[in-house]
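Remarks on the structure that follows.
Numbered from 1 within each chain, the chains take letters A, B, ... in sequence-line order.
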Protein chains: 2
Amino acid sequence: MESQDLKKAGLKVTLPRMKILEILEQNRKKHLSAEDIYRILMVSNNEIGLATIYRVLTQFETAGLVTRHHFEGGQAVFELDCGVHHDHIVCVDCGKVEEFVDEMIEERQKRITEELGFDLRDHSMILYGVCKDREDCLKRRNN
Amino acid sequence: MESQDLKKAGLKVTLPRMKILEILEQNRKKHLSAEDIYRILMVSNNEIGLATIYRVLTQFETAGLVTRHHFEGGQAVFELDCGVHHDHIVCVDCGKVEEFVDEMIEERQKRITEELGFDLRDHSMILYGVCKDREDCLKRRNN
DNA sequence: ATGTATGCAAAACATTTGCACCTGG
DNA sequence: CCAGGTGCAAATGTTTTGCATACAT
């Protein structure tokens with residue numbers, strides 16, 4: 001029951017919040033912008049204001065329920081926080097996103113940070129590439 | 001003579017472009033936003049429109065003269081492209097930026113990309129931390 | 001001269017906020 | 001009932017664009 005997640009976060013269980021959480025659930029592994037969510041709600045006949053979506057996403061982020069990323073191209077994208085840190089690789093052609101973690105890199109980041117006289121708090125690492133499977137990629141590009 | 005850089009890039013040598021390039025030269029190692037540049041020009045009595053600054057920076061980026069970064073916090077920042085790739089660590093308190101390169105990480109990034117079925121084109125890695133030297137850091141924070 | 005660059009003001013975006021109204025507990 | 005949530009429209013901050021004018025070659 002996901003309404004528990006909301007209560008736990010100290011957020012009242014409202015329709016918009018439930019719906020948005022639901023959409024994020026159904027799109028685990030995808031990365032949606034506020035407007036993506038807005039459109040999805042639109043289509044399923046849930047007219048929720050864009051402002052509310054931004055507000056709710058920000059609250060979710062604060063509560064640690066979602067993570068916000070700034071891939072290239074204007075809009076921020078959001079994904080449900082699965083609890084495990086990971087980084088991303090994005091295809092510059094079709095937009096496909098894969099997640100990964102690499103202990104060695106995490107390790108080096110910590111060391112470098114120390115050497116430069118900082119305490120590491122967070123990091124953002126995004127690799128940009130193109131899918132080797134060109135057919136698949138181009139198919140995805142045209143939705 | 002930096003006007004050569006402009007000609008080489010196929011850009012007409014104009015006052016705004018020269019001035020902006022000059023400011024970037026004088027601030028190698030810093031990372032300036034379009035507005036930072038605007039203000040600096042202002043102070044030195046060179047009234048150049050903000051729109052022009054954005055246009056010129058974009059042209060410089062296309063020409064490979066500068067690199068654009070999206071650190072957290074709205075504005076994009078620019079730095080002269082010294083030809084050598086590097087990543088950044090930013091202090092979340094005072095905004096200090098240090099640059100570094102780590103061959104091991106670059107190596108791993110390439111391998112991971114391959115494993116996931118992509119061809120690596122580019123990457124962005126930004127570490128966020130706080131300066132260990134608190135005094136220095138807080139001093140910087142208050143400019 | 002002439003094609004390109006600039007300045008200004010207006011547009012375009014993504015995101016945030018003020019405020020009157022609505023809703024969950 | 002009432003604190004908190006929502007919708008709408010307007011404000012914000014950054015970046016882009018249209019167009020008349022100015023400039024480099």
Summary of protein contacts for nucleotides 17-25 of chain D, nucleotide by nucleotide, where a base hit scores B, a sugar-phosphate-only hit scores S (4.0 Å, heavy atoms): BB-----SS
Atom pair distance, as rounded to whole Å: [atom1] in [X] and [atom2] in [N]:
X: A/Ile37; N: C/dA14; atom1: CD1; atom2: P; result: 14 Å
X: B/Ile53; N: C/dC8; atom1: CD1; atom2: P; result: 11 Å
X: A/Gln59; N: D/dG4; atom1: CD; atom2: P; result: 12 Å
X: B/Lys19; N: C/dT6; atom1: NZ; atom2: P; result: 14 Å
X: A/Leu50; N: D/dG7; atom1: CG; atom2: P; result: 11 Å
X: B/Met42; N: C/dG7; atom1: CE; atom2: C1'; result: 13 Å
X: A/Arg17; N: D/dG4; atom1: CZ; atom2: P; result: 11 Å
X: B/Glu72; N: C/dT15; atom1: CD; atom2: P; result: 15 Å

Path from A/Ile53 to A/Met42 over hydrophobic side-chain contacts below 4.5 Å: yes
Within the 6.0 Å centroid threshold, strictly below: B/Phe71 and B/His31: yes
Parallel, tilted or perpendicular: rings of A/His88 and A/His86 (30°, 60°): perpendicular
Checking the side chain of [X] only, and the main-chain atoms of [Y] only, is there a donor and an acceptor separated by less than 3.5 Å?
X: B/Asn27; Y: B/Lys30; value: no
X: B/Thr62; Y: B/Thr58; value: yes
X: B/Arg17; Y: B/Lys12; value: yes

Interatomic distance, A/Thr52 atom OG1 to A/Glu47 atom CD [nearest 0.5 angstrom]: 12.0 Å
Sugar-phosphate only, base, or nothing, as touched by B/Ala76 at under 4.0 Å among non-hydrogen atoms: sugar-phosphate
DNA chain D: 5'-proximal contact among B/Ala34 and A/Gly10 (nearest heavy atom): A/Gly10
Along DNA chain D (nearest heavy atom to each residue), the more 5'-positioned of B/Glu35 and A/Leu11: A/Leu11
